[in-house]
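So the structure is just underneath, and the comments pick up after that.
In what follows, chains are A, B, ... by sequence order, proteins preceding strands, each numbered from 1.
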Protein chains: 2
Amino acid sequence: MGRPERHATIADVAALAGVSVGTASKALNGRGSLREETRTRVREAARQLSFQANAGARSLHSGRTYTVGMITTDTIGRFSIPVLMGAEDALGAGEMSIFLCDGRDDPIREQYYVKTLLSRRVDGIIVTGRRTEARMSIGRDLPVPVVYAFISSSDPQDCSVVPDEESGARKAVEHLLAVGRTRIAHVTGPEHHNSARVRAAAALDRLAGEGLDLVAPPLFGGWSEAWGRQAVGILLAGRTEFDAVFCGSDQIARGVSDALRAAGRRVPQDVALVGFDNWDVMTEGAQPPLTSVDMDLEGLGRSAAERLLAAINGTASPGRHPHPCRLVVRGSTIVPPA
Amino acid sequence: MGRPERHATIADVAALAGVSVGTASKALNGRGSLREETRTRVREAARQLSFQANAGARSLHSGRTYTVGMITTDTIGRFSIPVLMGAEDALGAGEMSIFLCDGRDDPIREQYYVKTLLSRRVDGIIVTGRRTEARMSIGRDLPVPVVYAFISSSDPQDCSVVPDEESGARKAVEHLLAVGRTRIAHVTGPEHHNSARVRAAAALDRLAGEGLDLVAPPLFGGWSEAWGRQAVGILLAGRTEFDAVFCGSDQIARGVSDALRAAGRRVPQDVALVGFDNWDVMTEGAQPPLTSVDMDLEGLGRSAAERLLAAINGTASPGRHPHPCRLVVRGSTIVPPA
DNA sequence: CTGAAAGCGCTAACAC
DNA sequence: GTGTTAGCGCTTTCAG
């Protein structure tokens, strides 16, 4: 037994079926008009030889490879995975395969990958990354369409599908207001991160619309649990009371949750908590489970892939396309029914 | 401007350089003997046209696509990513690209992907998954070599690179013994998971070698923090004292850590804690940071890829190949210097 | 040193 | 209905 030495070609199939390669091709692709008997004979031969048409040879004709490249600008991680999965889903349905390339934050490596992908004649490219910041275009005048997913391109002519963080932050605030909280604090990531700034601004803006303000200026720090714990210390040291904390990430929220409990404040009775990312490990690990903003990264990836497919078929959609967030309510904002 | 309509072909380059395609090919690939002047003229033409040789057409000759498929049997996740990254790393160095396919635990989907990959004439296939269990071979007598990474194939003829969980568990126990603990408990995942059984058995075995035993039979449960917390309740309710807990995962360890602290036991002074997976989110989120067993998944992925490359070049390595784990020591087992 | 020609595996006109 | 032929983009003999 062992492995067959080589792949069967259509010539092998034709020979076995006793027809010409042209006829075999037609039979296998359901083209032309053939006797049904011939068709089945060819198909049987193909089956017998485990024939799989050589996609490369095929695309030499069609000009299409039914293949797209996916470049992550930085290391593949928690955010890129769902995006990738969503894209895979949408593309898989169109029978397309994905080349995965990990840019590792290295522009050289990235350009090398772009070249590789072009030489492999991908039909299009999806670029994604770990942050929502805008980044340089991977190249203008590439011979194939490009869509940025999660991350966005600084070139407004490029097509970027990004999470609508503003609306996500607004939804978080609205929910806290809806459950009767008005003295809200905001603990989030580093100020030099676009996401942190945008979410804070949106939260402030939404409160202002209600004639309210945060109980203290946004606390910018890191995205970690440690920072969440530390921030609680800062909040408690200040004299202003608060009945809710909107956190820039679930990790922060978890840190906040743990520190509040350690300080004797009950969640959600004394302080309601909303996180961001809806990362199950954090939302479920926290006690009580965290209410959180979900960026629907999988949906975002799917949407990006669909736009890419559209662009491949001639209908590009340049510009920035925000993808809606949704709020997932859990025990950190709602007191469970007794 | 906008996108160039089509990719430049070698004929375009040849025309621009005023040579035949044959000459252009030689010039670009450094074959044959050409005047240096010609070579540079062709190269210049290629540069001007952003020429990238069509990999598909090329492989029609070479029979190789410099492409491998990577199939995840279940959804891509925390364990498959590092494996994937390692493989990507090793393969990228060999100028190979990766087709990523997400099997989603669906055998139909999986078989479909195998077919797709074969039609794309990948040079080889890597199969990975979320669990270390053995799984059915994706197919015997495939025309290309296959390597299983992390997950293993139930067919001993297949090449599988798996984490050496036994030795990992032994290292954990040895470390606890080295820091003077002898009354060790073990809290781990569900008994029907291979990993849970194997690690527990290895821990017991290593202790037996020292004439010791666990303070209680292994506590099988889930992989979650919640189970870790719950298990502490069980341990404390029992009358046997313990000075260390070896946990089957970092999530469990974190739950154990939190619950111990809540119960007034100090980590590591009263109870030392070792986790498994070395998952930064958990090891760093816990207080103190967790000592943990690292399966070196990236190295494992790299190793798997290297074996695949070797197999592609004719040197297969059938069988099961354990990849060593290493212990990462942190504050949960070592009292920091005052 | 360079060009012409054959062929990789497949599809699509066009004959027969 | 089926076979023949040309050609997709490239590499590789083999002549010149």
Checking Thr72(A), Thr73(A), Asp105(A) against Arg130(A) for side-chain hydrogen bond (donor to acceptor under 3.5 Å, both in side chains), the one that qualifies is Asp105(A)

Hey, is Asp74(B) close enough to Arg135(B) for a salt bridge, meaning N to O under 4.0 Å? no

Between Arg109(B) (side chain) and Asp102(B) (backbone), is there a donor-acceptor pair under 3.5 Å? yes

Cut-off 3.5 Å, side chains only: do Ser195(A) and Thr132(A) have a donor facing an acceptor? yes

Sub-3.5 Å donor-acceptor pair from the side chain of Gln52(A) to the main-chain atoms of Lys115(B), do we have one? yes

Return the value, rounded to whole Å, for the distance between atom CG of Asn29(A) and atom C1' of dG9(C). 13 Å

When you compare the side chains of Thr67(B) and Arg120(B), does any donor N or O come within less than 3.5 Å of an acceptor on the partner? no

Between the side chains of Ser153(A) and Asp158(A), does any donor sit under 3.5 Å from an acceptor? yes

Just checking, is any N or O donor in the side chain of Ser317(B) or Arg307(B) under 3.5 Å from an acceptor N or O on the other one? yes

On DNA chain D, reading 5' to 3', which nucleotide is the first and which the last to sit with an atom under 4.0 Å from a heavy atom of chain B, could you check? dG9(D) to dT12(D)

Rounding to an integer number of Å, can you tell me how far Ile10(A) CD1 sits from dA12(C) P? 11 Å

Across the strands shown, which category fits Ser25(B) at heavy-atom distances under 4.0 angstrom: base, sugar-phosphate, nothing? base

Under 4.0 Å between a side-chain nitrogen and a carboxylate oxygen: does that hold for Glu37(B) and Arg41(B)? yes

What's the spacing between Ile71(A) CD1 and Tyr148(A) OH if we round to 0.5 Å? 8.5 Å

Taking only heavy atoms on the protein side, list every residue of residues 42-63 of chain A lying under 4.0 Å from any atom of DNA chain C, sorted numerically. Phe51(A), Ala53(A), Asn54(A), Ala57(A), Arg58(A), Leu60(A), His61(A)

Collect all protein-nucleotide pairs involving nucleotides 1-3 of chain C in which both atoms are nitrogen or oxygen and the distance is under 3.5 Å.
unit_1, atom_1, unit_2, atom_2, d
dT2(C), OP1, Arg35(B), NE, 3.2
dT2(C), OP1, Arg35(B), NH2, 2.7
dT2(C), OP1, Thr38(B), OG1, 2.7
dT2(C), OP2, Arg35(B), N, 2.9
dT2(C), OP2, Thr38(B), OG1, 3.0
dG3(C), OP2, Ser20(B), N, 3.1
dG3(C), OP2, Thr23(B), OG1, 2.8
dG3(C), O6, Lys26(B), NZ, 2.6

